Amino acid sequence: MKVLVVGNGGREHAIAWKLAQSNLVESVVCVPGNGGTAFEDKCVNVDISQTDYIQNKSDKNGAYVQVAKHEGCDLVVVGPENPLAEGIADAFWNAGIPTVGAKYDAAQLEASKDLAKDFMNKYGVACAKSRTFTDEKEALAYVEKEGAPIVIKADGLAAGKGVVVAKTLDDAKNAVVDLMENHSVGEAGNKLVIEEYLTGDEISILAAVSVTPEFAKEGKAVIVPFQSARDHKRLCDGAKGPNTGGMGAISPVSDVTPEILEQFNKNILEPTLKGLIAEKYDYRGFIFFGLMLTKDGPKCLEYNVRLGDPETQAVLPLMDFDFAAMCKAISDGSLKDFKFAWKKGFVVAPVAVSGGYPREYQKGIPILMEKDRVAEIGAKVFIAGAIADRRHPNPLPAGSTGLVTSGGRVLACSCYSDTFEAAWKGAYKAMEQIKFENMFYRKDIGLPGAAKSE
């Protein structure tokens, strides 16, 4: 079959790479893709702006549907949250194309933190207590009353920039003003969710979801969790510096015990499934549970209606099953009977970023890599913010990737091994084979204390 992948990040490169490994998959059409998918086996990039068969390019969902039809795609996998929140899965299904991605109504669980908190409270999902505000003065008064530390969240999608963990009262007040009055994240901050501050260690659990009213009636609705993962949000070693989109991930997480997983299933996953069924959502895709491991057990911090980035680059290499077959099972209602199997080892995936990230940074910097050495080490490089450089000669000179940087988070270097220590050494040995001007990466992904202050 032919599969269309929506998106252009490191997550989407990993998804396309894993799909291409399947004997079921003839080709993977990446829209728009990136410099990694451009050179990936079985993959081809399609830039909607450069296609001549799309009738109305201002209709984004319609344009994607036309690409899928033109390319003869049998299945779609949607990577990012924004297209899902805008109803792209609905558009594909309406066109008769099976799709892995939550439909519009279910996607609002990420698009609106207020809606997500209402959902959690309604169905008994273990989570932090919170209040929602649309009035700045009321929000400031609540913060004054509750004190710090406290968590301030913009209600809408804000590309990871709408959450402030305020350690002091002044920080909390400044966050409220910045989001509601200064509109630092636009309309997403017109409504705020203010939460209690939870202490503990954060983890992520990604999962496959196959829920529709019909599946529920037939007893086939299910959420199946993947291996645990941990993202590292702070820019610098020791969990210092500003928050980022993610400086690296590991999977599985050794401090996630069977008891914790049992608590997660009972107090978070099962009530979430109950809620999805009760709300009659059409949710055939992935869910990301952001969790805090507190002294009272795991608490749900947030839902994302897609796979996490960079957690995907750490979790997918551990899959010892056909990812494309699983995606098909998500869409057709057979996920409950699908056989999952996992490799026994570990994956460490540090991320290399452009100098200056998460603030201003340069683009268009050539990326050099000793590809043979990376392959010998057993690592896989997933491209996030890089594109093909059309100025490069063909064939490429030794050491050149033919790529230039195009974003803040440029790539992840993912390494699997039987032990965490071997995976960690392999990932960083492979990272040493990659160079671009002002390249920066953390040296402690997965080590004790590396994610403590998140």
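All figures in this text were calculated on a predicted structure; none of them were measured in a lab.
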Within the side chain of [X], is there an N or O that forms a donor-acceptor pair under 3.5 Å with the backbone of [Y]?
{"X": "D135", "Y": "E138", "result": "yes"}
{"X": "H232", "Y": "M247", "result": "no"}
{"X": "K42", "Y": "A20", "result": "yes"}
{"X": "K233", "Y": "G245", "result": "yes"}
{"X": "N61", "Y": "E86", "result": "yes"}
{"X": "E110", "Y": "V305", "result": "yes"}
{"X": "K2", "Y": "E71", "result": "yes"}

Is there side-chain contact between [X] and [Y], with at least one heavy-atom pair below 4.5 Å?
{"X": "D255", "Y": "R230", "result": "yes"}
{"X": "S331", "Y": "W93", "result": "yes"}
{"X": "T99", "Y": "R284", "result": "no"}
{"X": "Y283", "Y": "K103", "result": "no"}
{"X": "N45", "Y": "C30", "result": "yes"}
{"X": "F289", "Y": "I203", "result": "no"}
{"X": "V410", "Y": "Y357", "result": "no"}
{"X": "N121", "Y": "K129", "result": "no"}

Among side-chain atoms of [X] and [Y], is any donor-acceptor pair under 3.5 angstrom?
{"X": "T272", "Y": "Y303", "result": "yes"}
{"X": "D296", "Y": "T294", "result": "no"}
{"X": "Q21", "Y": "K18", "result": "yes"}
{"X": "S184", "Y": "D178", "result": "yes"}
{"X": "D171", "Y": "T168", "result": "yes"}

- Message: Walk me through whether N8 and E12 qualify under side-chain hydrogen bond (donor to acceptor under 3.5 Å, both in side chains).
- Response: CA-CA 6 Å; N8 66 345; E12 287 74 40; over 6 Å; no

For the [atom1] atom of [X] and the [atom2] atom of [Y], what is their distance to the nearest 0.5 Å?
{"X": "M431", "Y": "S414", "atom1": "CE", "atom2": "OG", "answer": "10.0 Å"}
{"X": "L140", "Y": "I194", "atom1": "CG", "atom2": "CD1", "answer": "8.0 Å"}
{"X": "I15", "Y": "F382", "atom1": "CD1", "atom2": "CZ", "answer": "10.5 Å"}
{"X": "D114", "Y": "S130", "atom1": "CG", "atom2": "OG", "answer": "8.0 Å"}

Ignoring hydrogens, what is the shortest heavy-atom contact between [X] and [Y]? Give both atom names and the distance.
{"X": "A208", "Y": "M326", "value": "CB-SD, 4.3 Å"}
{"X": "D309", "Y": "R11", "value": "OD2-N, 3.2 Å"}
{"X": "I330", "Y": "S210", "value": "O-OG, 2.8 Å"}
{"X": "I445", "Y": "F420", "value": "O-CZ, 4.3 Å"}
{"X": "A314", "Y": "S251", "value": "O-CB, 3.8 Å"}
{"X": "L75", "Y": "K328", "value": "CD2-N, 4.3 Å"}

Within a radius of less than 6.0 Å around [atom1] of [X], do more than 12 heavy atoms belonging to other residues, nucleotides or ligands occur?
{"X": "K57", "atom1": "NZ", "result": "yes"}
{"X": "K69", "atom1": "NZ", "result": "no"}
{"X": "D320", "atom1": "CG", "result": "yes"}
{"X": "E187", "atom1": "CD", "result": "no"}
{"X": "Y123", "atom1": "OH", "result": "yes"}
{"X": "E218", "atom1": "CD", "result": "yes"}

- Distance flag, aromatic centroids of F288 and F286, threshold under 6.0 Å: no

- Task: Could you walk me through whether D155 and S112 pass the side-chain hydrogen bond (donor to acceptor under 3.5 Å, both in side chains) test, one step at a time?
- Result: CA-CA 5 Å; D155 173 62; S112 171; 2.9 Å; yes

- Query: Any idea how F340 and F338 line up, ring-wise: parallel (<30°), tilted (30 to 60°), or perpendicular (>60°)?
  - Reply: perpendicular

- Task: Start with the C-alpha gap between H13 and L411, add the side-chain angles, then the distance that decides, and say whether side chain to side chain contact (heavy atoms under 4.5 Å, CB included) holds.
- Result: CA-CA 10 Å; H13 184 186; L411 57 87; over 6 Å; no

- Go through K173 and E144 one step at a time and tell me if the salt bridge (Lys or Arg N to Asp or Glu O under 4.0 Å) criterion holds. CA-CA 8 Å; K173 290 178 177 179; E144 183 79 46; 2.5 Å; yes

- Message: Does this structure show an ion pair linking K153 with E302, if we count only N-O contacts that are shorter than 4.0 Å?
- Response: no

